[in-house]
Amino acid sequence: MNIRTIIPGIHYTGVNDRVTRAFEGLWPLPYGVSYNSYLVEGTSAVALIDTVSIAEFREFHNNLSQVLGDRTPNYLVVNHMEPDHSGSIPEVVKTFPGIRIVGNAQTIGMIKGFYKLEDDSLFLEVKDGDELDLGGMTLRFLLTPMVHWPETMMTYVAERGVLFSGDAFGTFGALNGGVIDSEMETEVYVEEMYRYYSNIVGKYGKFVQKALAKTSDLKIDYICSTHGPVWHERVAEVVGITDRLSRYEPERGVTIIYGSMYGNTAELAEEIAASLSEAGVKRIKVHNASTASLSEMISDAFRYEGLIVGSATYSMTIFPPVEALMRALEVRELQNRVFGTFGSFTWAKGAVVTALDGYAQRMKMPVLASMIMKQSADSDSLAEARALGKRIAELLTK
Ligand code: FEO
């Protein structure tokens with residue numbers, strides 16, 4: 001049981017998931033994940049903010065019982081409909097007859113579609129800026145579409161400076177006893193925030209920017225996201241990380257990602273990494289696309305200014321795990337990187353170059369340094385690899 005009073009009248013009632021291995025069926029969860037839910041108690045009404053995955057309903061129900069006793073929440077505010085948060089809505093409706101679901105028009109449409117709850121009297125539809133007075137606690141609803149789905153909204157309690165932010169500012173990692181950042185070591189959650197943002201929300205940077213603009217004038221003492229710690233001491237830091245990532249603004253460092261069948265392209269990657277180091281670059285992340293997780297590769301590509309991608313030629317195009325990575329970056333509209341490419345071929349010289357150039361053009365991320373090697377390394381190709389690394393290091397601005 002992981003309930004906690006955040007401030008008087010606002011309680012954490014979320015749950016941990018240490019069973020699911022892949023979030024959305026895709027993204028590894030080495031530290032688990034939390035599905036956060038909150039209760040807001042006013043003098044005249046009580047609101048539940050979001051639910052949890054249906055797989056965790058039993059613990060969620062226990063948490064609610066512990067906080068509520070024999071009371072019934074008057075409202076269920078649905079900030080986000082992805083089933084990791086909405087999955088328990090039908091059970092909540094059954095458990096608390098008379099509860100009204102608060103959401104915008106798109107939310108209500110999705111609830112009907114996902115959960116077949118058709119009774120219109122169940123819903124209280126809200127629009128951007130609407131308020132709901134719970135008695136000394138006023139919920140203000142801010143529509144923030146595409147952070148991360150079209151129906152997403154945030155709920156702000158002006159009297160307490162508390163922002164229920166949906167997926168924004170979320171991160172992977174189950175909560176290990178503590179709930180608020182001030183009562184725990186947060187390094188792992190901050191690190192995981194890069195992976196969470198880039199993997200889950202990364203495509204929607206311009207919408208995240210709109211949401212940040214919408215909340216920029218609010219006094220925020222606590223950010224209560226749907227995943228990870230409640231942010232209190234590190235509010236400014238996590239807002240800054242989200243701002244930079246959603247503007248595709250990188251940090252100093254270089255990510256090298258390569259695909260190699262027999263070690264020849266890998267040899268180039270090692271040479272490039274060594275030349276970057278000689279040029280003074282300290283943060284160099286090297287990923288073999290065959291063994292690294294797509295999740296980590298996306299995260300580092302989002303995080304660091306330099307991006308160097310290499311591939312052996314395979315079936316007259318890019319090696320499949322490298323292709324998957326480039327496709328994932330294209331979908332997420334990654335931009336503004338110091339981009340270099342390298343590759344190897346046995347008989348089809350132009351294939352990898354052409355394919356990587358195609359990504360570069362579509363992503364408007366020009367190739368600033370490139371090399372191609374025939375079959376295996378010799379002194380010339382190793383020198384070219386060194387020159388490539390040196391050139392990328394020279395172009396870094398951070
Ligand atoms: Fe944690 Fe977009 O759901």
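Atom set for the values below is all heavy atoms of this structure, side chains included, hydrogens, waters and symmetry mates excluded. Note that the structure is a prediction, hence the values are computed from the model and not measured. All residue numbers in this chain count up from 1 along the given sequence. Numbering of ligands and ligand atoms starts at 1, following listing order.
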Any N/O/S atom from H80 (main chain or side chain) under 2.8 Å of atom 2 (Fe) of ligand 1? yes
Please determine whether a side-chain nitrogen of the Lys or Arg among R327 and E323 lies less than 4.0 Å from a carboxylate oxygen of the Asp or Glu. no
Regarding E91 and H61, is there a side-chain donor-to-acceptor distance under 3.5 Å anywhere? no
Say whether H85 and N79, considering side chains only, have a donor N or O and an acceptor N or O under 3.5 Å apart.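 No, because no side-chain N or O of H85 sits under 3.5 Å from a partner of the opposite role on N79.
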Give, for atom CD1 of I272 and atom CD1 of I256, the distance between the pair rounded to the nearest 0.5 Å.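 The distance works out to 6.0 Å.
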Among the N/O/S atoms of [X], which is closest to atom 2 (Fe) of ligand 1? Give the atom name.
X    : answer
D167 : OD2
H148 : ND1
E82  : OE1

For atom 1 (Fe) of ligand 1: the N/O/S atom of H85 at shortest distance: NE2
Is the distance from atom 1 (Fe) of ligand 1 to some N, O or S atom of D84 under 2.8 Å? yes
Distance flag, aromatic centroids of Y248 and F302, threshold under 6.0 Å: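 Ring-ring flag for F302/Y248: true, centres closer than 6.0 Å.
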